Every structure is written in structure tokens, then in C-alpha cells.
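Every heavy atom of this structure was used, including side-chain atoms; hydrogens, water molecules and symmetry mates were not. Note that the structure is a prediction, hence the values are computed from the model and not measured.
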Amino acid sequence: MRCAISDSLNRKVLASDVLKDGSQPAKSIVPSGEVKGSNGKDFNTQVGNGLAYNATKAKAYFKLAQKELGKKKITIQLLTADTDAYKAVGEYIQAQAQKVLPGLTISIKSIPLEQEISAFSDHNYQFGTLGWSTDFPDPIDYLNIAAKGGQINFTNWTNAKYQKVIDQINDTNGQTAAQRVKLQQKAAKILNQEQGVTPLYQYASVHLVSSDLKGLSYPLIGYQKYEYVSWK
């Protein structure tokens, strides 16, 4: 079911036509533009596009889900925070997945973010949307979202193959920096295949800045440093 819904979604359309705020379609659980791979290119260039829209695959996975659950018609509830962006994302998931997967019905429940996180922590939900950001430039902070025993692994999803790679990544004494990045790319690829977490989009921040300012930048990681800003 996880793979069926993921493959039914067109992340490019979600970013450009639904959010329309500069967000980018996700390529993996790790945001693009944060880390470079061993080839000097962006981290995700060696992960592959395992999150591409594929209606044929989605339908095939849904048939397997129907067989697994023993029913032709399946109804599930999507939990979202009650913000405009999350509501729009939820409505897109609902419309697009139902369109591609006849027999699937998705209802949406939008609640305040704090209540949503409590529902996640209590495992009182079927599937839901949640964002994550980090304050240090290491993909492990994103990969740990699906790690066994992780604080934000709200699904309790585990996968022996994935966890083995995570344990290797965390053994920093037994590898070079380049080897560690390759292991992180391997983990991201496994997560794309197994959908322990389903990445949707990489959100953007929009700022209105005077052309008379210099030295002001908004980094992907961390915060802007106003002490380096001056007027032209």
C-alpha cells in the first residue's frame, strides 16, 4: 500500500502546481543541495529517481495490497496538520491516489500540529504528513527518521537491510568520509524502494530582500547571519 500510494503521486505537479512556493519534488529523504557525493555532485545524483510518478507500478502494488488485505475496496484516513499547505498537500494526495487507484478511498483529518504529533507518538493514525529539518549538514539526521528505535520513527517500521546500513554509517571509526557518504546514499536508495517513509517535497523559504543590502544569505542549514549584512 505504501508503494502504491507513493508511485501514484506526481511530485513535480505537487511542488509546481499545488504548493507553488518554490518547493522542489523530493528525490530521497535527504534534501538536494545539502551534501555532495564522492563524485563531487549532489548527494541524490547517485541515489536514483525512485520517487518518480509511475501509474503502472502503482496499480500493480495496489493489487498486491488488495490481496494482502483481502479486500477490493480499501478506505484509509490521512492525518494532516491544519495549515493551508498541509491541507493542500492532503487534498492532492487524496485526489491523485484515488484517481490512479480505483477501489481506494482516502478521508482527510486535519488537526493542530501538536495534536497530530501526539497521534503519531501514540500510533493512533493510519498515514499522515509531517515535515523535518535539521541544524547540521549530515544526511544521517534524515535517514534516522526510519531507523529502528528512532525518536521520530512514528511508524515503528523496521527493515533488516536498511538497519544494517544505518549501523555501518554510525560506525564512523571504520570508514572514510567518502565511504560514509556512499553508505548514506545506499540507505536513501533502500528507503526509496521500501517506502518506510515516503518523501514528498523539499520545501522552500521565500524572503523579500532589499537590493540595497549586501552580505545577506539564507543557507539551507542554519540561519541567516545579520552581523555580516551591510547597506550598499
Minimum heavy-atom separation for Lys36 and Gly40, please, with both atom names.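 What the structure gives for the nearest pair is CD-O, 3.3 Å.
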Closest non-hydrogen atom pair, Ala188 against Phe43: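 Smallest heavy-atom distance, with atoms named: CB-CE2, 4.0 Å.
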Who passes side-chain hydrogen bond (donor to acceptor under 3.5 Å, both in side chains) against Gln98, sequence neighbours left out?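 Partners of Gln98 under the side-chain hydrogen bond (donor to acceptor under 3.5 Å, both in side chains) test: none.
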Tell me yes or no: between the side chains of [X] and [Y], is some donor less than 3.5 Å from an acceptor?
X      : Y      : value
Asn159 : Gln163 : no
Thr155 : Asn153 : yes
Ser8   : Gln96  : no
Gln115 : Ser118 : no
Asn44  : Ser28  : yes

Please determine whether side-chain contact (heavy atoms from CB on, under 4.5 Å) holds for the pair Leu200 and Ile93, giving the CA-CA distance in whole Å, both sets of side-chain angles, and the decisive distance to 0.1 Å. CA-CA 10 Å; Leu200 294 175; Ile93 293 172; 4.0 Å; yes
Counting only pairs under 3.5 Å, give me each side-chain donor-acceptor contact of residues 69-91, with atom names and distances, residues two or more places apart or in other chains.
residue: Thr80; atom: OG1; partner: Ser110; partner atom: OG; Å: 2.9
residue: Thr83; atom: OG1; partner: Tyr86; partner atom: N; Å: 3.3
residue: Tyr86; atom: OH; partner: Gly131; partner atom: N; Å: 2.9

Salt bridge (charged side-chain N to carboxylate O under 4.0 Å, His left out) contacts touching residues 93-121 (sequence neighbours left out):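 Output for this query is empty, none listed.
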Would you say the side chain of [Y] lies within less than 4.5 Å of the side chain of [X], judging by non-hydrogen atoms?
X      : Y      : result
Val47  : Lys27  : no
Ser32  : Gln202 : yes
Pro31  : Tyr142 : yes
Phe127 : Ile5   : yes
Leu130 : Leu113 : yes
Lys148 : Tyr162 : no
Lys59  : Pro102 : yes
Leu14  : Pro25  : no

Please write out which residues are connected to Tyr228 in a hydrophobic cluster, directly or through intermediates, given that two of Ile, Leu, Val, Met, Phe, Trp, Tyr count as joined at side-chain heavy-atom separations below 4.5 angstrom.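 Noted: Tyr228 shares its cluster with no other residue.
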May I ask you to list the residues sharing a hydrophobic cluster with Tyr61, side-chain cutoff 4.5 Å, ordered by chain and number?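 ILVMFWY cluster around Tyr61 also holds Leu64.
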For Asp141, all residues meeting salt bridge (charged side-chain N to carboxylate O under 4.0 Å, His left out), sequence neighbours excluded: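 Listed in chain order: nothing, the list is empty.
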Evaluate salt bridge (charged side-chain N to carboxylate O under 4.0 Å, His left out) for Asp138 paired with Arg180, printing each intermediate quantity in order. CA-CA 10 Å; Asp138 192 325; Arg180 188 166 184 268; 2.8 Å; yes
Residue that, paired with Ile169, satisfies side-chain contact (heavy atoms from CB on, under 4.5 Å) out of Val165, Asp167, Asp171: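 When Val165, Asp167, Asp171 are each tested with Ile169, the side-chain contact (heavy atoms from CB on, under 4.5 Å) holds only for Val165.
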side-chain contact (heavy atoms from CB on, under 4.5 Å) between Leu9 and Tyr53, worked out: CA-CA 6 Å; Leu9 304 177; Tyr53 168 61; over 6 Å; no
Derivation and outcome, side-chain contact (heavy atoms from CB on, under 4.5 Å), residues Ile140 and Gln184: CA-CA 7 Å; Ile140 192 62; Gln184 290 173 328; 4.0 Å; yes
Evaluate Val181 against Gln185 for side-chain contact (heavy atoms from CB on, under 4.5 Å), listing each step before the verdict. CA-CA 6 Å; Val181 171; Gln185 289 171 321; 4.1 Å; yes
